[in-house]
Amino acid sequence: MITVLYFARLREELGTGSEQIALPQSVRDLDGLRALLVARGGAWATELAGNKALRAAVNQNMASGGAPVADGDEIAFFPPVTGG
Amino acid sequence: MITVLYFARLREELGTGSEQIALPQSVRDLDGLRALLVARGGAWATELAGNKALRAAVNQNMASGGAPVADGDEIAFFPPVTGG
Amino acid sequence: MAVRIQTEDFDIGAEIAQLRRANPKIGAVASFVGVVRDVNDGDAVAEMTLEHYPGMTERSIEDIITQARGRWKVFDALVIHRIGTLRPTDQIVLVIVTSSHRGDAFAACEFIMDYLKTRAPFWKKESTPSGARWVESRATDDIAAERWRLKG
Amino acid sequence: MAVRIQTEDFDIGAEIAQLRRANPKIGAVASFVGVVRDVNDGDAVAEMTLEHYPGMTERSIEDIITQARGRWKVFDALVIHRIGTLRPTDQIVLVIVTSSHRGDAFAACEFIMDYLKTRAPFWKKESTPSGARWVESRATDDIAAERWRLKG
């Protein structure tokens, strides 16, 4: 299992802030996980398919598409940050 | 008459912080005034003759040697500043 | 160094005094306070809500401070960032850097703010007359952070 | 803008609060506090006395602030500089700059400090174990002020 977190606009549009996902053997990295989520369609496709600016973190470190994803990881998807 | 002010190390070495000087006709600029003071000898020569870093102001604006000096002016001599 | 994420307001005078008490060698204190403005992108802003990523936010700011300490001679740095609902004129963020000399203090303080704006996971949602909206990130912030790559 | 030359200490929190009350458009407050260090050029410093040129000091700092306002978008700036006898850990100088954006606030604040160090007529005399001495000006301060000529 992995934990997947969504923040800000994504959290609202997807209607969830957190979920547990059993990682399929085919998913090895962030791009693979993203494709898995986009395949759900609807808001998942709209928000995660790549035409909106998207950031991700693996175990609380900023990461890009090729970053490995493994059982037990905490993954997060969110828009570019706007604090400060 | 002009007013001449001395600050910091100059004030201490010259033993005065302020004096009134009747401006001789021959003195037209800062360099001329400085030569007049150096001619007094002693600490005046040591402090003002040019081998020590010296700054000057005419009517409270930083000025260099060629700056005109006229009756009624407030002239100041002092070391490079060290505030802040 | 210290990083605090909190809903409460902060007191810059008290925070500087506390950092200074810890070290009589300090000669320079540079600081920055960010404040909620009543206008953004041309629209009046009534209030905003700040969301963050608990855990990662603290870690990313600690990492930014560690980078700053590697580049400049810095005694200490403090970052306080507020979350929750804020209104115009409320304080959002505080950065304080102490050093022996002003050049190091200024550079590290601005570096921390520029990197915080592009790296620390916070998101602002504004209430405007035309409804609530998530604030879009600014290209100028990316540029501000990026220029530190070129400097020494 | 305001320039105050005074023997009394200052309170950065109160000064920032007062500047901010005057203008709800402020989004950024950059500030700097200079502190007396207990060592200078390798010698222990017990206390120092700051002398200034009354009238010219205020004028020159006002001129520095005016230059900063001509270069960056700044709402307001405050400079407080203490004179008289100060001891290690005492505050010497405070600069606060308010602006809409942090880049302008940081740049103007550092510019004012750098120019103040080379242009404002103050002189420090230190008491050390080997006696009292006038502090020599630093080439690094001239370099710090000079680099603003190159920037835009």
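Because the structure is predicted, anything quoted here is derived from the model rather than measured. So that the names make sense, note that chain A is the first sequence line, chain B the second, and so on, each numbered from 1.
Within the 4.5 angstrom heavy-atom criterion, atoms from both the backbone and the side chain of C/Asp114 approach chain D. When heavy atoms are compared at a cutoff of 4.5 Å, C/Ala144 approaches chain D solely by way of its side chain, counted from C-beta outward. Heavy atoms closer than 4.5 Å to chain C are found nowhere in D/Ile96, neither backbone nor side chain. Heavy atoms closer than 4.5 Å to chain D are found in the side chain of C/Ile16, but not in its backbone. Using a 4.5 Å cut-off between heavy atoms, C/Pro88 does not touch chain D at all. Both the backbone and the side chain of C/Ser100 come within less than 4.5 Å of a heavy atom in chain D.
Contact count versus chain C (heavy atoms, under 4.5 Å) is highest, among D/Met113, D/Arg20, D/Glu15, for D/Arg20. Contact count versus chain D (heavy atoms, under 4.5 Å) is highest, among C/Val39, C/Thr140, C/Val97, C/Thr89, for C/Thr89. With respect to chain D, the highest number of heavy-atom pairs below 4.5 Å among C/Asn23, C/Val93, C/Asp38, C/Val36 belongs to C/Asp38. In terms of non-hydrogen atom pairs under 4.5 Å with chain D, the most contact-rich of C/Gly13, C/Pro24, C/Gly27, C/Ala28 is C/Gly27.
In terms of modelled atom types and a separation under 3.5 Å, the side chain of C/Arg102 and the main chain of D/Glu110 share no donor-acceptor contact.
Considering all non-hydrogen atoms of both residues, C/Ile12 and D/Ser31 come closest at CD1-OG, 4.3 Å. In plain terms, the two heavy atoms of D/Ile26 and C/Arg37 that are nearest each other are O-CG, 3.9 Å.
Counting non-hydrogen atoms of neighbouring residues, nucleotides and ligands closer than 6.0 angstrom, the CD atom of C/Gln6 exceeds 12 such neighbours.
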